[in-house]
Enquirer: 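Quick one: the structure is below, questions incoming.
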Amino acid sequence: MDAIASSQILPQLKGFDRSNFSLSNHQSMSCSRSTLVMPTCKQSYEGEHASEVSSRKVSVRSISGSTEKGNSMLGGLELNGSVSARPLVGKVFSSVGSCTYTGSSIESHSHVAEEKIGVLLLNLGGPDTLQDVQPFLFNLFADPDIIRLPRLFRFLQRPLAQLISVVRAPKSQEGYAAIGGGSPLRKITDEQANALKKELEAKEVPVNVYVAMRYWHPFTEEAVQQIKRDGISKLVVLPLYPQYSISTTGSSVRVLEQMFREDATLSRMPVSIIQSWYQREGYVKSMADLIGKELKSFSNPEEVMIFFSAHGVPVTYVEDAGDPYRDQMEECIHLIMQELKSRGINNNHTLAYQSRVGPVQWLKPYTDEVLVELGKNGVKSLLAVPVSFVSEHIETLEEIDMEYRELALESGIENWGRVPALGCTSSFITDLADAVIEALPSATAMSTGSTSDDSELDPLGYVIKMFFGSILAFFLLLSPKIKSAFRNHI
Ligand SMILES: C=CC1=C(C)c2cc3[nH]c(cc4nc(cc5[nH]c(cc1n2)c(C)c5CCC(=O)O)C(CCC(=O)O)=C4C)c(C)c3C=C
Ligand SMILES: [Fe+2]
């Protein structure tokens, strides 16, 4: 893999101003690439990863955009949370001066300070029980990065979230009931956290690993409180989404940024955020391993259509708000197919988007429509590859394994297979550990800039908002078309 495509780390929140991801409709955003050499400070590393860490060129996509001033957003409501707290482990030594990696610790040659490294895994979260489904959905739809209302109507976010969550809950509960009565996400993410911690220990970088879910337990706020209690002094933030989207990594990072900005201790803590990692060699190879293995279970492997199915996002995210998700997804598929080709696997492949919700256009083509089309066109063998997430969850276990499988078989596809999610696959966990190690040197304190929205304080503006908002709410809440769009996939 070339150096440009080898890693993508936006090293600091300061350089990555979340307010650039405005939820307003009138904005532009651009993505550009540049290269830099890590580490940037006066640190030299010796040891297992010395050559990789000290001299590797990594690609950095700097995301910048113009946005209206004072982009204030309502945070998603988060109910009483608990967090999987882990015992204190990591202690290394670092300082402002030059450092040497000795194998078990980073020793400073100037003044020595004890350093406790934390790794914060970001994930979506899922309901543990069927009773949790509606409040979980409320948290999700109350997130202004999930339902992007125009500024004027943002005060409607929570009433709308309440309505949509109640309307959608029965359909969603059916899905969770079909996979055992709740989401497996928490258990799998905890297993990944433990595996990552062990792997980093094996690489002689002891750390505490924390799990921060966006919409259910353990909530981001709780994880951050635990990080404070544990006295973590340097943090690497690792989203468990290979590709960046405003709706996933972006949303979690926005919440984190807000918490860190408002807390004196946290705002000084060096933090490194890994924005996306779909292009890492270890990830690409691990995906290719899984696909290669699953292909062998077909009687004629070379005739199998490799069908990548990614979670969709509304098309406006990409086309209006500059979400790099679709570009990253396409590049990711390209890299996996290149890797397969290098192994002599030359199957046909296609990419489609699943799981759309609500009355707007989502990224196309849609998974259900492509499956029907492929069946019509005579494709007989198909291997589904979930590609936007690294754990099994409702959309793999229910949507792909049940709904799409049935649809495919009805449409004339005779041989169906599905690649499992990466979970704790060891080559994948090893690569995540390497990503953490590579991100450490670029940790820097977050910006303490304020993003308060002046217009929120304007009483006339408030009255106008209420007036137009109420009219809109009236039509929205009474519209059966909108209700049914949220109840089912369109
Ligand atoms: C990369 C992954 C994901 C993107 C992008 C994403 C965007 C997105 N999702 C919704 C609405 C829902 N998502 C739901 C569940 C869900 N979503 C993801 C991942 C991405 N979402 C996961 C892993 C899960 C499953 C969690 C689990 O419990 O297993 C749900 C709830 C389930 C359902 O009712 O279908 C909704 C609703 C939107 C609107 C959106 C982008 C704007
Ligand atoms: Fe989703």
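As the structure is a computational prediction, the values presented were derived from the model and not from experiment. First listed ligand is number 1; within each ligand, the first listed atom is number 1. The figures here come from the full heavy-atom set of this structure, side chains too, leaving out hydrogens, waters and symmetry mates.
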Enquirer: Out of all atoms in ligand 1, which are within 4.0 Å of some heavy atom of H393? Include the element for each.
Expert: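 This gives 22 (C), 23 (C), 24 (C), 25 (C), 29 (O) as the contact atoms.
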Enquirer: Please could you name the atoms of ligand 1 that S172 approaches to less than 4.0 Å, counting only its heavy atoms?
Expert: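 So the atoms of ligand 1 that pass are 32 (C), 33 (C), 34 (O).
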Enquirer: At under 4.0 Å between heavy atoms, is it the side chain or the backbone of S355 that contacts ligand 1, or both, or neither?
Expert: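 It is neither part, as no heavy atom is under 4.0 Å.
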Enquirer: Say whether D368 and Y404, considering side chains only, have a donor N or O and an acceptor N or O under 3.5 Å apart.
Expert: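 Judged by distance alone, the side chains do not pair up.
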Enquirer: Is it true that D145 and R214 make a salt bridge, defined as a side-chain N closer than 4.0 Å to a carboxylate O?
Expert: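 Judged by the 4.0 Å cut-off on N to carboxylate O distance, D145 and R214 do not form a salt bridge.
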Enquirer: Got a salt bridge between E392 and K187, using NZ or NE/NH1/NH2 to carboxylate O under 4.0 Å?
Expert: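 Not counted as a salt bridge, because no side-chain N and carboxylate O are separated by less than 4.0 Å.
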Enquirer: Test Y278 against E331 for side-chain hydrogen bond (donor to acceptor under 3.5 Å, both in side chains), laying out the working first.
Expert: CA-CA 8 Å; Y278 66 90; E331 196 183 334; 2.9 Å; yes
Enquirer: Using heavy-atom distances only, which candidate in R148, E395, Q173, R214 approaches atom 18 (C) of ligand 1 most closely?
Expert: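 The option holding the nearest heavy atom is E395.
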Enquirer: Which bit of Q243 gets closer than 4.0 Å to ligand 1, counting heavy atoms only: side chain, backbone, both or neither?
Expert: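 Neither part.
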Enquirer: Any chance the rings of F389 and Y241 have centres within less than 6.0 Å?
Expert: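 Ring centres of Y241 and F389 closer than 6.0 Å.
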Enquirer: Would you tell me which option among D143, V133, L140 has the nearest heavy-atom contact to atom 11 (C) of ligand 1?
Expert: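 Heavy atom nearest to atom 11 (C) of ligand 1 belongs to L140.
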Enquirer: For ligand 1, which atoms sit closer than 4.0 Å to a heavy atom of L137?
Expert: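 Matching atoms, with element in brackets: 31 (C), 37 (C).
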Enquirer: I need the contact type for I147 against ligand 1. Using non-hydrogen atoms and a strict under-4.0 Å cut-off, is it side chain, backbone, both or neither?
Expert: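 Contact part for I147 vs ligand 1: neither.
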Enquirer: Measure the CG-CD1 distance between L124 and I146 for me, rounded to the nearest 0.5 Å.
Expert: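 Rounded to the nearest 0.5 Å, the CG-CD1 separation comes out at 7.0 Å.
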Enquirer: Which atoms of ligand 1 have any heavy atom of F141 under 4.0 Å away?
Expert: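 That gives atoms 37 (C) of ligand 1.
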Enquirer: Quick one, D143 with R148, criterion salt bridge (Lys or Arg N to Asp or Glu O under 4.0 Å). Give me CA distance, side-chain angles, the key distance, then yes/no.
Expert: CA-CA 8 Å; D143 178 358; R148 300 168 61 244; over 6 Å; no
Enquirer: Only heavy atoms count here, so choose which of H311, E392, E174, R168 is nearest to atom 19 (C) of ligand 1.
Expert: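 The residue whose heavy atom sits nearest atom 19 (C) of ligand 1 is H311.
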Enquirer: Is the W277-F428 ring centre distance short of 6.0 angstrom?
Expert: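 Judged by ring-centre distance (under 6.0 Å), W277 and F428 do meet the cut-off.
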Enquirer: Find all atoms of ligand 1 within a distance of less than 4.0 Å from any non-hydrogen atom belonging to T248, and give their numbers and elements.
Expert: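 Checking each atom against T248, I get 1 (C), 2 (C), 3 (C), 4 (C), 5 (C), 6 (C).
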Enquirer: Find the distance between CE (M213) and CG (L185) and round it off to the nearest 0.5 Å.
Expert: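 One finds 5.5 Å between CE of M213 and CG of L185.
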Enquirer: Can you label the angle between the W216 ring and the F219 ring as parallel, tilted or perpendicular, going by 30° and 60°?
Expert: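 If you compare the ring of W216 with that of F219, the planes turn out perpendicular.
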Enquirer: I'd like to check which ligand 1 atoms, numbered from 1 as shown, lie under 4.0 Å from a non-hydrogen atom of S183.
Expert: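 Those atoms are 27 (C), 28 (O), 29 (O).
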Enquirer: With heavy atoms only and a cut-off of under 4.0 Å, state how S247 meets ligand 1: side chain, backbone, both or neither.
Expert: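 For S247, only side-chain atoms sit under 4.0 Å from ligand 1.
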Enquirer: Could you see which bit of Y244 sits under 4.0 Å from ligand 1, with heavy atoms only: side chain, backbone, both or neither?
Expert: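 It is neither; nothing of Y244 touches ligand 1.
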Enquirer: Considering non-hydrogen atoms only, spot the tightest contact between V370 and P365 and give its length.
Expert: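 Looking at all heavy atoms of both residues, the shortest contact is CG2-CB, 3.4 Å.
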Enquirer: Check for me whether Y317 has a heavy atom closer than 4.0 Å to any atom of ligand 1.
Expert: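 It does; at least one heavy atom falls under 4.0 Å.
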Enquirer: If the condition is salt bridge (charged side-chain N to carboxylate O under 4.0 Å, His left out), which residues does R326 pass it with, not counting sequence neighbours?
Expert: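 Per chain and number, R326 pairs via salt bridge (charged side-chain N to carboxylate O under 4.0 Å, His left out) with E319.
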Enquirer: Between S172 (side chain only) and R168 (backbone N and O only), is there a donor and an acceptor less than 3.5 Å apart?
Expert: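 No; zero donor-acceptor contacts below 3.5 Å.
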Enquirer: N/O to N/O below 3.5 Å, does that happen between W362 and ligand 1?
Expert: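 No, W362 has no N/O under 3.5 Å of an N/O on ligand 1.
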Enquirer: Give a yes/no verdict on whether any heavy atom in P127 is under 4.0 Å from an atom of ligand 1.
Expert: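 Heavy atoms of P127 do come under 4.0 Å of ligand 1.
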Enquirer: Heavy-atom contact under 4.0 Å between Y353 and ligand 1?
Expert: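 No, Y353 has no heavy atom closer than 4.0 Å to ligand 1.
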Enquirer: Consider side chain to side chain contact (heavy atoms under 4.5 Å, CB included). Of V211, L256, N123, V253, which one does T220 pass it with?
Expert: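 Checked V211, L256, N123, V253 against T220; only one passes side chain to side chain contact (heavy atoms under 4.5 Å, CB included): L256.
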Enquirer: So, does Q354 use its side chain to make a donor-acceptor pair with the main chain of T367 at under 3.5 Å?
Expert: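 No; zero donor-acceptor contacts below 3.5 Å.
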Enquirer: What do we get for L124 next to ligand 1 when only non-hydrogen atoms under 4.0 Å count, side chain, backbone, both or neither?
Expert: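 The answer is the side chain.
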Enquirer: What is the ring orientation for Y215 with F136, classed by angle as parallel under 30°, tilted 30 to 60°, or perpendicular over 60°?
Expert: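 Y215 and F136: perpendicular rings.
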Enquirer: Can an N or O of Y176 be found at a distance shorter than 3.5 Å from an N or O of ligand 1?
Expert: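 Between Y176 and ligand 1, an N or O pair is found under 3.5 Å apart.
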Enquirer: Mind checking whether G125 has a heavy atom under 4.0 Å from ligand 1?
Expert: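 Yes, G125 has a heavy atom closer than 4.0 Å to ligand 1.
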Enquirer: Roughly how far, to the nearest 0.5 Å, is the CE atom of M446 from the CG atom of L235?
Expert: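 Here the rounded value is 7.5 Å.
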Enquirer: Inside 2.8 Å of the Fe ion (ligand 2) but strictly below it, how many protein N/O/S atoms are present?
Expert: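 For the Fe ion (ligand 2), the figure is 1.
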Enquirer: Heavy-atom contacts with V313 under 4.0 Å: which atoms of ligand 1 show up? List them by number with element.
Expert: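 Atoms satisfying the 4.0 Å criterion: 5 (C).
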Enquirer: Check each atom of ligand 1 against the heavy atoms of F389 and keep those under 4.0 Å away; list them by number with element.
Expert: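 Per the distance check, 23 (C).
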